[in-house]
Each structure stands twice: as structure tokens, then as C-alpha cells.
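Heads up: the structure comes next, in C-alpha cells.
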Amino acid sequence: MKPHHLILAALCTLSLRAQVIPLPADDRPRQGEFQLLPDAWMAIPAANPENLPDYVGLINAAGAKVRFAPQDVACAIQLLSANILPDNYPIPSGEGYVIRITPQVINIHAATAVGHYYGVQTLARLIEDAPKQPNQPIRLACRDIVDAPRFAWRGYMLDESRHFSGPAAVKRLLDAMARYKLNRLHWHLTDSPAWRIEIKKYPELTRTGGRGSETDRRPDAPAAFYTQEQIRGIVAYARQRGITIIPEIDMPGHADAAVAAYPEHDGGGFLAKGSTDKWPRFTFNPAKPATLSFLDDILTEVAALFPDAGVIHFGGDEVHFGWKKWTELPEVRDLMKRENLKDLAAVEAWFNRRMAGTINRLGFKTGGWDEIAARGLPKDKTVIWWWRHDKPQVLRDSLKAGYPVILCPRRPCYLDFVQHESHQAGRRWGGFNPLRDTYDFPAPLDLSAADEKQILGIQACLWTETTITRQRRDFMTWPRLVALAEAAWTPAAKKDFTSFETRLKPELAWLKAHGISAYDPFANSPEITDKGAKTEYLDTPE
Ligand code: ACM
């Protein structure tokens with residue numbers, strides 16, 4: 001062969017390895033190829049298209065040109081039910097799917113819309129990978145992909161309180177999460193610096209409580225928050241991408257912004273480091289009937305905005321930092337006497353049970369940080385987020401007590417930790433969180449099969465104290481969130497960091513093309529530090 005023929009032969013060799021992240025559970029090459037012609041038909045199950053993901057759009061965004069098929073045409077790509085597979089295939093359920101690429105047709109089998117959606121996402125990656133020429137068929141190697149996730153919960157937490165992201169950035173985030181089959185956005189909407197969710201009954205929560213940020217404490221700073229209408233739109237946008245949004249309303253601590261708006265609910269705060277009175281209104285009054293009703297009202301509006309969330313997260317973290325003044329509150333003293341509570345931990349536990357009762361009555365499970373594990377909440381109605389990596393016993397105790405658990409330990413799941421040894425901005429705690437550690441998680445925990453059954457899944461968390469700009473939030477999130485996505489989806493035995501790195505390289509280009517300023521670990525791209533940056537109030541309602 002002449003050299004240019006060699007090059008041509010190489011170009012024509014169809015990729016037999018899936019370039020997909022997360023790597024599918026099982027991917028078997030077969031003989032032959034399928035040619036996807038321009039203007040081919042795609043059949044999707046009959047249902048109200050308004051509620052379906054945009055399957056055709058996903059395939060076309062990958063570089064193909066297919067059309068939604070009318071009845072009775074021969075289709076190139078068909079979304080089919082789970083139980084019409086040939087005998088030797090496992091029947092997919094839930095988020096699982098089977099793709100069969102044969103010389104005649106591409107069939108995607110699944111039991112649910114989200115299973116089809118993930119099958120289409122995987123097919124879109126194969127199409128993206130294939131060489132393309134104008135008006136020529138796209139050639140795809142025949143293969144069987146049989147895929148399903150390792151963990152049901154594949155999450156990301158975004159702290160909106162310290163610095164606000166806004167609807168456009170959240171939608172872009174949801175698009176990227178969906179690409180990597182992440183399915184839970186834990187939306188941390190309230191905390192000490194600011195309150196970011198509109199509550200109709202208490203407009204001062206956002207009017208006053210929504211002002212400023214971690215780095216902008218001016219009393220006349222603009223308010224930034226999500227209106228209820230925006231939230232409904234974002235929840236629907238997420239749902240179409242297989243993503244459930246779980247709201248967090250943090251209580252009884254991390255309450256300064258809400259208490260600034262409604263000071264009658266003040267439970268006192270704390271003196272941080274020496275005598276700097278940083279969070280003087282850190283807690284809600286945990287025992288005042290009017291405060292408990294106020295929180296009931298808020299949770300009732302939240303429940304209506306997130307009807308499919310399944311879980312409402314009520315925080316519950318770090319309360320003891322700010323409860324010193326509780327002993328001076330007459331309502332707390334009365335409660336302790338009435339309920340025979342011996343100390344403030346017992347008061348906190350009483351408050352947890354009281355508010356969990358509201359959440360359960362609204363039809364949701366209660367989610368909380370791992371401090372709530374020892375509070376006697378019902379095991380079938382409570383989900384624990386294990387975050388304190390330095391307290392492994394809390395994880396063991398939560399599992400032993402029978403709680404479902406989400407794993408998000410600071411090391412290696414907190415994305416406000418730096419990701420490269422040279423980085424200056426961000427946290428460290430006996431080390432930092434490089435890409436590799438996030439990828440390898442949860443292997444270091446040595447989970448037994450029984451543990452793994454009780455663990456709902458894993459989650460990365462972005463706390464935004466040090467991320468003032470969107471660019472830095474992206475920089476801290478990506479590509480570690482891609483690594484977490486594969487860690488959450490791909491079976492442990494199939495994970496391979498070297499293969500992941502190879503597949504990650506083109507994803508960095510995709511992220512960049514979608515306006516996401518990811519860190520490039522291969523080039524060790526310059527750190528985005530936000531040094532000197534000012535708080536952004538992007539996308540704020542007028
Ligand atoms: C937390 O990091 N305070 C949950």
C-alpha cells in the first residue's frame with residue numbers, strides 16, 4: 001500500500017472501543033457496521049412529546065441528521081420496550097438499557113423513558129466519535145451495549161447561598177450532568193450568607209435575606225434569588241434530562257439570612273475565632289411555636305415546588321457551633337422542662353424530629369447531613385448524607401442503624417478542595433482532592449456487598465465560599481464531576497483510570513465548547529483563583 005492508502009485505511013477503521021463516559025457496564029463488538037444515512041427516521045415510543053426528553057435533538061447535536069418518524073416507515077434508530085429482546089439478553093429495568101447496533105438497524109431497549117434517554121446519550125457519544133463527511137452516511141461498528149448504573153444516586157450539590165449561580169448557569173450545569181448520566185442535583189438554597197428561594201408567604205426572605213454574598217456584605221447589596229416560576233422551569237428542565245432536584249433548606253443552623261429578614265425567629269449565633277461576631281444569628285429559635293410554624297409554611301411551599309424530589313433536605317449540620325444562646329431563650333427552657341430534655345443536643349434532636357414530622361407529612365423523606373444520624377429519626381423516612389470524612393464511625397453507625405446513606409465525604413467529594421498540589425485557592429485537609437481520588441472513590445471505604453445495598457450512591461459537593469465567579473465554580477467542578485460520574489455509574493471491576501484519562505481528553509474540548517471553564521489536568525492549565533474578583537449578580541430577577 002502507498003502511504004496515503006495506509007492513512008485512509010486507518011481512518012476507515014471503525015472505533016470498536018466505546019469513547020463513552022461513564023464507561024458502559026458491558027460493550028461487545030460484533031461483525032459489520034451500520035450506516036446511518038442523512039435524514040434517517042428515528043422511532044420513539046408514543047407518549048406526550050412535551051414530557052419526553054428530546055431524543056432526536058440529542059442525536060442531531062452529536063452530528064447526525066435524523067428525523068422523528070411518522071407511523072409505518074422503516075426506521076434507522078428505534079426506541080423499543082425492554083421485553084422484546086432476543087432470549088439471550090438481560091431485560092433492562094429502571095435506568096438500564098440495551099443498545100443493539102446491527103447492519104440493519106439500531107435498537108435501544110429500555111423499560112422507562114430515562115432508560116431510553118441514557119441509551120440515546122450513549123448512542124450520541126458513538127455518533128460524535130465517528131468520522132463524518134457532508135451528506136455521507138455515518139458508519140457505526142456493530143455492537144451490543146448492555147448497561148445499567150452501579151448506584152441509583154449520582155449527585156452534585158451546588159451551594160447557591162455563598163455565591164449565586166442563576167438560571168442560565170444551572171441549565172448549562174444540568175445539560176452537562178445529563179451527558180454524564182448524573183441524576184441528582186442537591187440544591188443548597190439557603191445558608192447564612194443569603195436565602196435564594198422565593199417564599200410567597202414571607203417575601204422578606206428574599207428581599208432582605210437574598211442580599212449580598214459571602215464576599216459582599218453591604219446591607220444595600222442587590223438581592224439574587226430564584227423566583228418560584230424560575231424554579232418550576234428549572235425542575236421541568238432537569239426532569240427532561242433524567243435529573244431530580246432535591247432542595248435543601250438548612251435548619252436550625254446556618255440561618256442568619258432568614259433571621260435577618262424575620263428577627264423574631266432568632267436563636268442566637270456564635271463568636272467565630274476570637275471575638276469576631278461573624279454569624280450572630282446562626283440559628284432559628286428551635287422551640288418557639290411561631291418559628292416552628294414559620295418553618296412549616298416554608299417547607300409547605302418548597303414541597304409544592306419540588307413535587308418529584310422524594311426527599312427534602314433540612315440540613316441539620318454544625319448546629320452546636322451556634323447554639324450557646326439557646327440556654328437563655330425562655331421557649332427553650334420551657335421545652336426542656338416540659339419534655340424533660342437534659343441538654344442542648346436533646347433540644348436539637350427534638351427540633352429535628354419535629355421538623356422531620358412536617359416533611360414526612362408533606363409526603364417526602366427527610367434528608368440531612370450526618371449529624372442527624374443519631375437523632376432517632378425513622379429509618380424508612382430518612383436519608384443520611386455522610387460528609388465528615390474524619391468521622392468514619394458516623395458512617396458505620398448510620399449503616400448499622402439501617403439508614404440509607406449518600407456518600408459525600410469532604411475527601412474526596414468536596415470540590416471546594418484544591419485539585420492540584422500547585423493550586424493556591426481552596427481548601428486542604430491533610431491533603432487535597434485530585435481527579436484520581438475522586439475517580440477511585442468509593443474503593444478506599446472497602447464497602448461490603450451489604451453496605452453497598454444500603455448506600456444510595458455518591459455525590460460531589462461544591463461549597464462556594466471561594467468561588468465568586470462562574471468561571472471559578474466551573475474550574476473547581478470540572479472535570480472532577482466527570483470522574484465522579486464514572487465512579488457512580490461504572491461497575492467497580494470495570495473502572496480503569498488510564499482508560500478514563502484517554503476518554504476525558506475529548507470531553508475537555510466539549511466542556512470548553514459549552515462555555516464551561518474546566519481545569520485541564522493534562523496541560524495543568526492556569527488556576528482560576530478569583531483573586532480580586534467581585535460578586536456577580538448574574539441572572540437576577542429585576
Ligand atoms: C457541611 O459541609 N457543613 C455539610
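None of these values were measured; they are calculated from a predicted model. Sequential numbering from 1 along the given sequence is applied to the chain's residues. Counting starts at 1 for both ligands and their atoms, in listed order.
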Interatomic distance, D317 atom CG to W387 atom CH2 [nearest 0.5 angstrom]: 6.0 Å

Residue that, paired with W463, satisfies ring pair (Phe, Tyr, Trp, His ring centres under 6.0 Å) out of H254, H188, H163: H188

Side-chain donor-acceptor contact under 3.5 Å, Y180 with Q121: no

Under the side-chain hydrogen bond (donor to acceptor under 3.5 Å, both in side chains) test, residues paired with K342 that sit two or more places apart: none

Row check, W429 ring normal vs R411 NZ/CZ: under 6.0 Å, within 45°: no

Sorted by chain and number, the residues that approach ligand 1 to under 4.0 Å with a heavy atom: D317, E318, W369, W387, Y414, W463

Point-to-point distance, once rounded to the nearest 0.5 Å, from CZ of R436 to OH of Y439: 8.5 Å

